[in-house]
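Structure first, commentary second.
Sequence lines set the chain letters: A, B, ... in the order given, protein chains first and strands last, and positions in each chain run from 1. Heavy atoms only: backbone and side chains are in, while hydrogens, waters and symmetry mates are out.
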Amino acid sequence: GEDVEQSLFLSVREGDSSVINCTYTDSSSTYLYWYKQEPGAGLQLLTYIFSNMDMKQDQRLTVLLNKKDKHLSLRIADTQTGDSAIYFCAEKYFDDMRFGAGTRLTVKP
Amino acid sequence: DTEVTQTPKHLVMGMTNKKSLKCEQHMGHRAMYWYKQKAKKPPELMFVYSYEKLSINESVPSRFSPECPNSSLLNLHLHALQPEDSALYLCASSQDQGASTEAFFGQGTRLTVV
């Protein structure tokens with residue numbers, strides 16, 4: 001995960017928006033992904049964005065991609081306590097999925 | 001059906017035991033992966049199978065032996081493991097190995113080696 005960087009922690013209040021940021025280094029990545037991992041569970045694919053897109057919205061989730069700066073963000077609107085988890089940014093690089101270290105989102109009531 | 005099913009969910013084994021982890025998908029995906037995830041770390045790739053042939057082995061010790069009996073199944077055979085092999089083992093699948101395909105993960109097998 002050393003080529004994909006994320007901040008490790010984010011804490012928000014229930015009902016607020018959460019923004020999780022990620023930077024990646026490989027400009028040839030064609031797809032970038034966000035996965036959610038709850039304690040003791042596997043990875044759940046939340047959403048993904050193709051590299052020729054700037055934005056993708058899916059219900060409460062909005063993904064923004066700045067390809068020039070190699071910056072990816074995930075915005076969760078109206079964050080709920082059930083959104084508390086670790087969020088991994090990932091880029092598909094040939095045969096491997098390169099993951100960031102994960103951002104632990106804590107939602108306080 | 002976008003499900004990747006892994007069994008067992010939890011496994012405790014001694015260092016002299018032989019056990020197997022199983023993974024199954026029915027999405028018609030032709031690439032399947034094994035990842036190892038230590039606590040508070042991102043997943044690390046171990047093996048990739050493409051069209052039932054091993055295409056990537058990320059310098060994994062021989063005490064881990066993968067097997068792909070058919071396009072829906074992926075096994076990981078374990079023998080003479082060490083306590084440091086304790087981790088969450090994740091299986092994933094994608095349509096193929098290309099960069100333009102999303103990967104779906106199973107819930108993982110939490111392995112403890114005693």
Side-chain angles (χ1 to χ4, degrees), chain A residues 1-9 20 22-53 56 58 61 63 67 72 85-106, chain B residues 2-10 21 23 25 27 29-51 53-60 87-112:
Chain A
E2 61 189 71
D3 294 326
V4 181
E5 295 183 355
Q6 300 177 240
S7 52
L8 294 181
F9 302 98
I20 303 172
C22 169
T23 56
Y24 62 99
T25 57
D26 196 315
S27 58
S28 62
S29 297
T30 52
Y31 278 80
L32 296 141
Y33 305 87
W34 284 104
Y35 285 90
K36 176 184 179 182
Q37 188 173 36
E38 297 185 59
L43 274 68
Q44 175 194 353
L45 178 63
L46 284 179
T47 187
Y48 63 93
I49 189 166
F50 188 48
S51 60
N52 69 354
M53 296 168 67
K56 181 178 180 182
D58 184 1
L61 305 179
V63 179
K67 198 173 178 185
L72 182 73
I86 298 177
Y87 290 80
F88 289 98
C89 162
E91 58 177 349
K92 191 88 177 348
Y93 184 74
F94 293 101
D95 302 319
D96 191 10
M97 185 85 71
R98 288 182 180 169
F99 290 88
T103 298
R104 183 178 295 275
L105 174 65
T106 303
Chain B
T2 56
E3 200 168 295
V4 177
T5 304
Q6 289 187 245
T7 56
K9 286 188 171 38
H10 301 274
L21 309 185
C23 174
Q25 57 86 16
M27 295 178 275
H29 288 174
R30 302 315 297 269
M32 295 185 76
Y33 312 76
W34 280 115
Y35 283 82
K36 174 182 177 180
Q37 187 180 24
K38 299 286 278 184
K40 299 183 182 178
K41 296 287 185 186
E44 295 177 349
L45 183 67
M46 298 174 74
F47 301 104
V48 180
Y49 270 83
S50 179
Y51 290 85
K53 287 188 170 47
L54 182 65
S55 65
I56 300 267
N57 176 342
E58 289 286 350
S59 303
V60 180
L88 181 69
Y89 287 84
L90 293 162
C91 173
S93 72
S94 63
Q95 190 172 350
D96 57 45
Q97 272 184 274
S100 61
T101 55
E102 56 196 313
F104 293 92
F105 283 80
Q107 291 296 300
T109 294
R110 187 159 298 282
L111 174 68
T112 304

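For chain B, the nearby part of A:Leu45 is the side chain; its heavy atoms alone come within less than 4.5 Å. For B:Gln37, the part sitting under 4.5 Å from any heavy atom of chain A is the side chain, from C-beta outward, and nothing else. Neither the backbone nor the side chain of A:Gln44 comes within contact range of chain B; no heavy atoms are under 4.5 Å apart.
With a 6.0 Å radius and a threshold of 12 heavy atoms from other residues, nucleotides or ligands, A:Arg104 has its CZ atom at or below the threshold. Surrounding NZ of B:Lys41 are at most 12 heavy atoms belonging to other residues, nucleotides or ligands under 6.0 Å away. Atom NZ of B:Lys38 has more than 12 heavy atoms from other residues, nucleotides or ligands within 6.0 Å.
Among all heavy-atom pairs drawn from A:Gly42 and B:Leu90, the shortest one is CA-CD2, 3.7 Å. The two residues B:Arg110 and A:Gly40 have their closest heavy-atom pair at NH2-CA, 3.6 Å. The two residues A:Phe88 and B:Pro43 have their closest heavy-atom pair at CE2-CD, 4.3 Å. Of all the heavy atoms in A:Phe99 and B:Pro42, the pair that sits closest is CB-CB, 3.6 Å.
Note that the CZ atom of A:Arg98 and the CD atom of B:Glu44 stand 13.5 Å from one another [nearest 0.5 Å].
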